[in-house]
Every structure is written in structure tokens, then in C-alpha cells.
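To start, the structure under review is shown below, and the notes come after it.
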Amino acid sequence: MSEPAVRVRFAPSPTGSLHIGGARTALFNWLFARGRGGIMALRVEDTDLERSTAESERAVLDDLRWLGIDWNEGPDVGGPHGPYRQSERQSIYRKEAERLCAAELAYPCFCTDEELEARRRAAQAAGRTPQYDGTCRDLDEEERVERRAEGRPESIRFRVPGEPAVVRDLIRGDVVFPADAVGDFVILRSNGLPTYNFACVVDDAAMRFTHVIRGEEHLSNTNRQVFLYRALGYPEPAFAHISLILNPDRSKMSKRAGEAATFVSEFRAQGYLPEALINFLALLGWSWDGEREMFSRADLVEKFSLERVNATPAVFNREKLEWMNGQYLRAMPLAERAARVRAYLAEHGRLPDRADVDDFLERATAAVGERLKTLADVEGYAGFAFSESFDIDPKAKDEVLARKGAREALSALAELVESADPFEPAALEARARELGERLGVKAGDLFFPARVALTGRKVAPGLFEVMSLLGRERTVLRLRAACAWWEEPAPSRPARVT
RNA sequence: GUCCCCAUCGUCUAGCCGGCCUAGGACCCCGCCCUUUCAAGGCGGAAACACGGGUUCGAAUCCCGUUGGGGACACCA
């Protein structure tokens with residue numbers, strides 16, 4: 001018999017949009033599958049009725065698609081082992097639970113939440129591990145009938161065998177859990193829905209996955225899961241628990257922590273490229289030779305292996321992601337870069353309102369040039385040309401006001417621009433430099449005030465690209481408007497405090 | 001508290017079946033060059049084997065312990 005084909009899965013719970021840690025787990029699964037001609041499946045774990053929503057499922061799938069991670073089987077495309085939504089597989093879980101009960105490997109439990117909670121607290125107070133105490137473990141049929149008559153809730157608990165469990169992990173080696181590490185746990189809740197560990201094992205077995213690659217937070221769950229595989233009589237897949245992604249304070253990266261983005265959708269909104277995010281995420285826990293770090297999607301598919309995934313948790317390094325995004329942007333031909341900027345602005349409803357928007361954005365993108373780190377930066381650096389009005393940084397304006405000869409220089413420059421022919425960066429620059437010499441003004445003393453007058457800021461693209469972006473008319477207008485600054489009572493300075 | 005995982009520059013990491021390591025690459029930071037600003041680019045620099053014991057001729061690399069960090073102990077996933 002030939003080696004069974006690789007089958008892996010990503011199993012998100014639809015309780016929000018895709019988290020960056022989930023994206024990395026999905027990516028590793030995907031790279032592993034694609035690199036060996038395997039199957040990638042998507043399974044939606046929506047057994048938590050309170051928190052699961054259809055919008056969330058849509059959002060997660062959308063984020064995955066945006067990242068370029070695709071799947072062969074899933075809730076939207078179907079497949080030979082469906083359905084791929086756990087909420088649609090309830091009869092399967094019930095049947096499996098019944099099978100375990102019949103074999104005495106599981107049993108009905110009638111304890112209420114309150115009783116469980118009270119006993120948990122008591123155990124904790126007494127310094128014991130808060131595990132299930134076995135109250136319903138050995139009830140006979142008569143006692144069970146009695147409890148049912150009382151109208152107590154009825155869940156199904158797994159009878160944990162009193163022996164150690166070994167998790168064979170591809171990244172961590174054999175991890176041994178002592179026999180008393182876990183108590184009997186619920187597999188079917190009183191509402192009839194399965195718990196995570198049970199549904200996960202039943203599905204992973206039914207869907208024939210060969211490898212389960214998931215986050216380290218599941219390592220101790222795997223302790224329970226290996227018992228379940230054995231009891232159910234299914235072969236175990238190979239496990240690979242990848243380390244967590246951490247916040248800068250080294251806590252598990254999660255939705256809280258306020259300021260920092262943790263969802264794929266947020267990075268998308270901030271103007272990051274999916275290929276850069278993929279490249280960056282791949283390097284969180286995986287490396288090729290420690291030297292090379294720019295990898296296309298195809299490179300990653302070809303080179304990725306679980307052997308080179310390390311076991312150390314990784315802090316998410318936002319600055320490096322930004323740098324990498326810039327690398328991708330810079331390596332892109334201008335036309336493509338401009339097209340991506342356009343698509344980005346359109347997606348967020350921020351396209352400038354003008355007839356020649358495509359041409360304008362290409363010129364703006366060219367003008368911003370190497371400064372581009374995210375797609376949002378075109379608006380950041382060239383926003384002064386997006387509309388008639390623009391804001392002026394008061395501090396920059398004050399600096400202009402303070403420069404000797406700035407007013408005359410601006411006025412002369414306005415005149416020059418008005419009659420310049422051709423109106424084109426190189427020619428404009430040559431003539432402006434001549435003007436500076438004639439006036440006896442250093443280049444910086446001419447260019448700096450002009451930059452502020454035209455863009456409202458100290459930092460901007462090259463001055464003559466700025467002019468060409470604005471067009472002759474607006475350039476002259478803004479230059480002349482700046483000449484009037486000297487007539488104003490300097491509102492930006494605290495001159496007249498009453 | 002109990003169990004489990006982890007431990008190289010601030011961060012991501014290479015090295016970890018011992019000598020090739022006076023520990024390599026990248027981000028960040030600093031300096032210089034380029035330059036109309038800011039970037040980008042070029043050159044240079046600062047910056048780490050958590051600690052303590054072993055084993056060995058020799059340890060970042062193997063073993064034990066300590067410390068630190070994290071995860072899990074639910075009718076959440």
C-alpha cells in the first residue's frame with residue numbers, strides 16, 4: 001500500500017474575525033499540504049451557540065481568501081467527509097457518545113452547574129486539583145432513572161483511564177502526562193451538543209486527517225484527546241503543536257491589549273499586503289537557513305517543513321512587518337503598485353474624487369516612491385493633492401515665517417511657475433535653482449518654504465513632483481496664498497492670548 | 001495550587017547528534033555617506049548564549065536543578 005496522502009485541516013471557531021495566530025496556524029497547515037500534494041480542509045467549529053455567528057464565519061473565510069490560503073474541502077465547497085460545520089454533525093457525535101456509553105467508557109452525569117462549581121471551589125480551598133470527583137461515575141440504572149425523574153440536567157462524561165497519556169508531537173517529541181492529570185470530562189453537554197475535545201476527535205478521525213497542526217494552547221487538550229482516540233478505536237494522527245504568538249509583554253497575543261492590531265482584517269485595513277503578511281508570519285516559528293528571509297508564496301510551499309519549525313514562542317514584531325511590507329511594495333512595478341493603492345483606497349471609500357483618478361494615483365504613487373511602507377502611505381504623503389483644501393502644520397508654517405527672504409523667494413517662485421514651459425519636474429527644478437542663485441538664496445531656503453506652502457508639511461515627496469501632482473494652477477495658487485501669511489496676525493503663535 | 005511547554009542580541013532567528021562560534025543574518029537604535037525635506041540605498045557601530053551545578057581534553061550545544069515566561073486545568077474553543 002502506498003503512503004496515505006497528507007490531509008490537514010484548519011478548524012476556526014466563528015466567534016470573531018481571523019486572529020493573527022489563527023492565520024499562522026492556517027498558513028502552516030496550508031504550506032504543509034501544498035508542499036506535498038496533500039489536501040487542505042476547513043472545518044468550522046461552531047458548537048458554542050452563544051458566540052458563533054454566520055457573519056463571523058464569512059469574515060474568517062474572507063480573511064483566509066485574502067491571504068491566499070485556499071482549501072479543497074470546507075463548508076462552502078463541500079467534500080467527501082462533510083458536512084464541515086460541527087453544528088451540522090450532531091447526530092454523528094450523539095452516535096459516538098452512545099457507543100462509548102454502551103461500552104461503559106462514558107456515563108451519564110446528573111450534577112448541576114452549581115454543585116460542580118461548589119465542589120470545584122471546595123477542592124481548590126483544600127489545595128486539591130479541581131477535577132470531577134466522580135459523583136455519577138458508578139451510578140446504577142435505578143439511580144439514573146431516579147435522577148432523571150428529578151428533572152436534573154443530563155450530560156455525558158468520559159471515563160478517564162487511570163494511566164498516563166503520551167502525545168507524540170512532531171515539534172516537541174513525546175510529551176508525557178501523568179495518570180491523574182485530568183478527571184472525567186464532559187463529551188456531550190446537557191443541551192445535546194458536543195464539547196470541543198470530543199467533536200474535535202470524532203471529526204479529525206472521521207475526516208481522515210493524517211496530521212493535526214495547531215497552536216500550543218491545545219497541547220494539554222491532546223492529553224484528553226489521545227484517550228478518546230483509543231476508546232473510540234481510531235488511529236491517532238501525527239500531532240504538531242506550534243508555539244504561541246505573543247504580545248510585546250510576552251502574554252498570549254489576543255484581542256484585548258487595546259492598541260495593537262491582532263486581526264488579519266486590521267492589517268488589511270492598515271494597508272498591508274497579503275504576500276508580506278504571509279512571508280512575515282511564516283518566519284514566526286519557521287526559518288530556512290537563518291539568513292534568507294524574503295520568500296514568495298511558491299518559495300514557502302517548496303521549502304516549508306515541520307522539521308524546521310521551532311518550539312519557542314514568538315513576539316509579534318510589528319516594525320519588521322512594516323519593513324517587509326515596504327520591501328514588497330518597492331519591488332513591485334509602478335503600475336501594479338498604483339493599482340493596489342487604487343484598490344485599497346476604493347475598498348475603504350477613500351478614492352479622491354476626480355475624473356483622472358487612475359492617472360493621478362499612478363503619479364501620486366510614483367511621487368511617494370520609496371517612502372511607501374503601506375498602501376495607506378500614498379494618502380499619507382500625497383494627501384495634500386487629493387483635494388482643493390489641505391491642512392497646514394502650524395509648526396512648519398512658523399518655521400517658514402521665520403526664514404529670511406522666504407516671502408520674496410515664494411513670490412518669485414510663483415511667478416516662475418506661472419510662466420514655466422514645459423511644466424515638468426526636471427525643467428522646473430533647473431529653473432528654480434537658477435532663481436535661487438539669482439536671489440542669492442540657498443536651495444534649502446527656497447525649497448523648504450515652498451514645500452510647506454504646497455503640502456502644508458515638512459515631510460513630503462520631492463518638491464517638483466509635488467508641483468507636477470498639483471498642476472500649475474494649484475501650485476501658483478498655493479504659493480501665492482503662502483505669501484499672504486506674512487500679513488496675518490500669526491494665529492499659530494500664542495501672540496494674542498486674552 | 002497542579003500538570004505541561006519554553007529559555008541565544010530589545011524583537012524575529014541561525015547554530016543545539018559537543019570543537020569550524022573571539023556566536024551569524026534581519027528588524028529596531030546610533031554614526032557617516034548620498035541629499036531640497038522625509039524616505040530608500042551604501043558603509044560602519046552598539047547589542048545575546050538566564051543562573052548554578054555536573055559530564056567531557058573541550059558545552060550556546062548533553063544531563064540535573066533553580067529562576068523566569070507562557071499555556072492548560074470549564075457542560076469556551
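In what follows, every chain begins at residue 1, and chains take the letters A, B, ... in the order their sequences are listed. Basis for what follows: all heavy atoms, side chains included, without hydrogens, waters or symmetry-related copies. It should be emphasised that the depicted structure is a prediction, and the values quoted were computed from it without experimental measurement.
A/Tyr84 has its ring centre no less than 6.0 Å from the ring centre of A/Trp71. Checked against the 6.0 Å centroid threshold, A/Phe316 and A/Phe280 count as a close aromatic pair. Close placement of the A/Phe304 and A/Phe28 rings is indicated, their centers lying within 6.0 Å of each other.
Judged by atom type and distance alone, A/Ser190 reaches the base of B/C75 through a side-chain donor-acceptor pair under 3.5 Å. One cannot find a donor-acceptor pair under 3.5 Å joining the base of B/A77 and the side-chain atoms of A/Asn197. No hydrogens or angles were tested; on distance alone, nothing pairs the side chain of A/Arg172 with the base of B/C5 as donor and acceptor under 3.5 Å.
Remark: B/A7 base-pairs with B/U67; criterion is Watson-Crick or G-U wobble with both hydrogen-bond distances under 3.5 Å. Look at B/U2: its Watson-Crick or wobble partner, with both distances under 3.5 angstrom, is B/A72. Pairing partner, B/G18: none, since no Watson-Crick or wobble contact has both distances short of 3.5 Å.
A/Gln131 has no side-chain polar atom (N or O) that falls below the 4.0 Å cut-off from OP1 or OP2 of B/A72. At B/A7, one or more side-chain N or O atoms of A/Thr312 fall inside 4.0 Å of OP1 or OP2 (strictly under the cut-off). The side chain of A/Arg121 contributes no N or O atom lying less than 4.0 Å from OP1 or OP2 of B/A74.
Along RNA chain B, the nucleotide closest to A/Thr47 and the one closest to A/Leu284 are compared, and the more 5′ of them pairs with A/Leu284. Comparing A/Trp323 and A/Val315 along RNA chain B, the residue whose closest nucleotide (by nearest heavy atom) sits nearer the 5' end is A/Val315.
A salt bridge links A/Glu163 to A/Arg230: one of the charged nitrogens lies within less than 4.0 Å of a carboxylate oxygen. A salt bridge does not link A/Arg120 to A/Glu114: none of the charged nitrogens lies less than 4.0 Å from a carboxylate oxygen.
B/G31 and B/U11 have their C1' atoms separated by 22 Å, with the value rounded to a whole Å. Rounded to a whole angstrom, the distance from the C1' atom of B/C9 to that of B/C28 is 11 Å. For the C1' atoms, the distance linking B/G65 with B/G24 amounts to 31 Å, nearest Å. Taking atom P on both B/G18 and B/A60, the two are 14 Å apart, rounded to the nearest angstrom.
Using a 4.0 Å heavy-atom criterion, one finds that A/Pro12 contacts no nucleic acid atom at all.
Considering only the side chain of A/Leu219, B/C5 comes nearest among B/C5, B/A39, B/C6.
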